[in-house]
*Asks:* 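Here it is, the structure, as structure tokens.
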Amino acid sequence: MDNHSYNFPSDCTPLTNCKSARKPAGSTVVNMGSAGKNPPRDYLVWSLCNTLYVNFCCLGFMALVYSIKARDQKTQGNLQLAQECSDKAKWYNILAAGWNMLIPLLAVVLLVLLLVHLGSAQGSFDFFGDDGFQNFMKLFSW
């Protein structure tokens, strides 16, 4: 169809404002889902921190995998599966965070117990005296 054969309304030309030929504006409704229920959390930042720090037995990596799955399912609209993956990510994060705090805590406790035991044993080195550090380093020399 070329421009010469097209018939415009009398008050409407291609480069002018044609208000009379426009249809009245209608309303658009967008369904946003259930407004009362919050979408499940994905714990992605927590999982990333657990993955990068210590990551004992790959618990942080498993939490990261389930966090990404939860985010994917949430964007696809499958809230039930997203909630299941979110729960698994949360528990893997709890386990990973527990192990991440437990290992350094055990190392500190063992070091304190070693120093207390060596300081109280009979015939032990005087760790807290003038040459205590040198005596402590003698334990590790061959």
Side-chain angles (χ1 to χ4, degrees), residues 1-3 5-9 11-142:
M1 175 183 293
D2 60 348
N3 289 338
S5 64
Y6 186 75
N7 294 327
F8 293 103
D11 62 343
C12 185
T13 59
L15 297 177
T16 60
N17 204 358
C18 183
K19 292 185 179 178
S20 64
R22 289 186 187 167
K23 295 180 181 176
S27 62
T28 302
V29 177
V30 177
N31 188 5
M32 298 299 288
S34 60
K37 186 177 180 183
N38 292 335
R41 296 182 58 183
D42 55 10
Y43 304 105
L44 188 63
V45 175
W46 190 15
S47 299
L48 192 62
C49 291
N50 279 330
T51 301
L52 296 177
Y53 181 72
V54 182
N55 198 16
F56 182 74
C57 290
C58 297
L59 293 173
F61 181 71
M62 290 299 296
L64 183 64
V65 168
Y66 280 110
S67 294
I68 293 171
K69 280 185 178 183
R71 179 168 282 193
D72 289 343
Q73 293 301 322
K74 184 169 57 171
T75 57
Q76 290 178 358
N78 191 352
L79 295 180
Q80 182 179 0
L81 191 57
Q83 183 64 46
E84 291 175 13
C85 292
S86 174
D87 290 341
K88 287 182 182 180
K90 181 174 87 172
W91 283 109
Y92 277 120
N93 276 320
I94 289 171
L95 289 173
W99 279 111
N100 290 345
M101 288 187 296
L102 184 67
I103 291 173
L105 184 66
L106 283 176
V108 169
V109 166
L110 287 175
L111 182 66
V112 167
L113 287 176
L114 174 73
L115 290 175
V116 168
H117 174 69
L118 290 176
S120 66
Q122 211 149 33
S124 67
F125 297 116
D126 184 19
F127 286 107
F128 303 109
D130 295 332
D131 57 346
F133 181 71
Q134 286 83 16
N135 288 332
F136 181 71
M137 292 310 290
K138 285 181 187 176
L139 291 173
F140 301 106
S141 64
W142 295 104

*Asks:* Would you say Tyr43 has more than 12 foreign heavy atoms packed within less than 6.0 Å of its OH?
*Replies:* yes

*Asks:* Let me confirm one number: the CD1-SG distance from Ile68 to Cys85, rounded to the nearest 0.5 Å.
*Replies:* 11.5 Å

*Asks:* Please find the pair of heavy atoms, one from Ala82 and one from Pro40, that lie closest to each other, and give the distance.
*Replies:* CB-CG, 3.7 Å

*Asks:* Could you give the distance from CG (Leu106) to CH2 (Trp99), rounded to the nearest 0.5 Å?
*Replies:*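 So the CG of Leu106 and the CH2 of Trp99 are separated by 8.0 Å.
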
*Asks:* Looking at CD of Gln73 and OH of Tyr66, how far apart are the two atoms once the value is rounded to the nearest 0.5 Å?
*Replies:* 12.0 Å

*Asks:* Distance check, rounded to the nearest 0.5 Å: Leu95 atom CG versus Leu102 atom CG?
*Replies:* 11.5 Å

*Asks:* Taking only residues two or more places apart in sequence, or in another chain, which ones meet Gln83 in a side chain to side chain donor-acceptor pair (under 3.5 Å)?
*Replies:* Asp87

*Asks:* Kindly compute the distance separating CG (Leu110) from CG (Leu105), expressed to the nearest 0.5 Å.
*Replies:*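 Going from CG on Leu110 over to CG on Leu105, the span is 9.5 Å.
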
*Asks:* Restricting to side chain to side chain donor-acceptor pair (under 3.5 Å), what partner residues turn up for Asn93, sequence neighbours left out?
*Replies:* Ser47, Asn50

*Asks:* Quick one: does Leu44's side chain get under 4.5 Å of Leu64's, heavy atoms only?
*Replies:* yes

*Asks:* How many angstroms lie between NZ in Lys90 and OG in Ser86, if you round to the nearest 0.5 Å?
*Replies:* 7.5 Å

*Asks:* Restricting to salt bridge (charged side-chain N to carboxylate O under 4.0 Å, His left out), what partner residues turn up for Arg41, sequence neighbours left out?
*Replies:*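 In terms of salt bridge (charged side-chain N to carboxylate O under 4.0 Å, His left out), with neighbours along the sequence ignored, Arg41 is linked to no residue.
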
*Asks:* Looking only at heavy atoms, what is the nearest atom pair of Thr51 and Phe61, with distance?
*Replies:* OG1-N, 3.6 Å

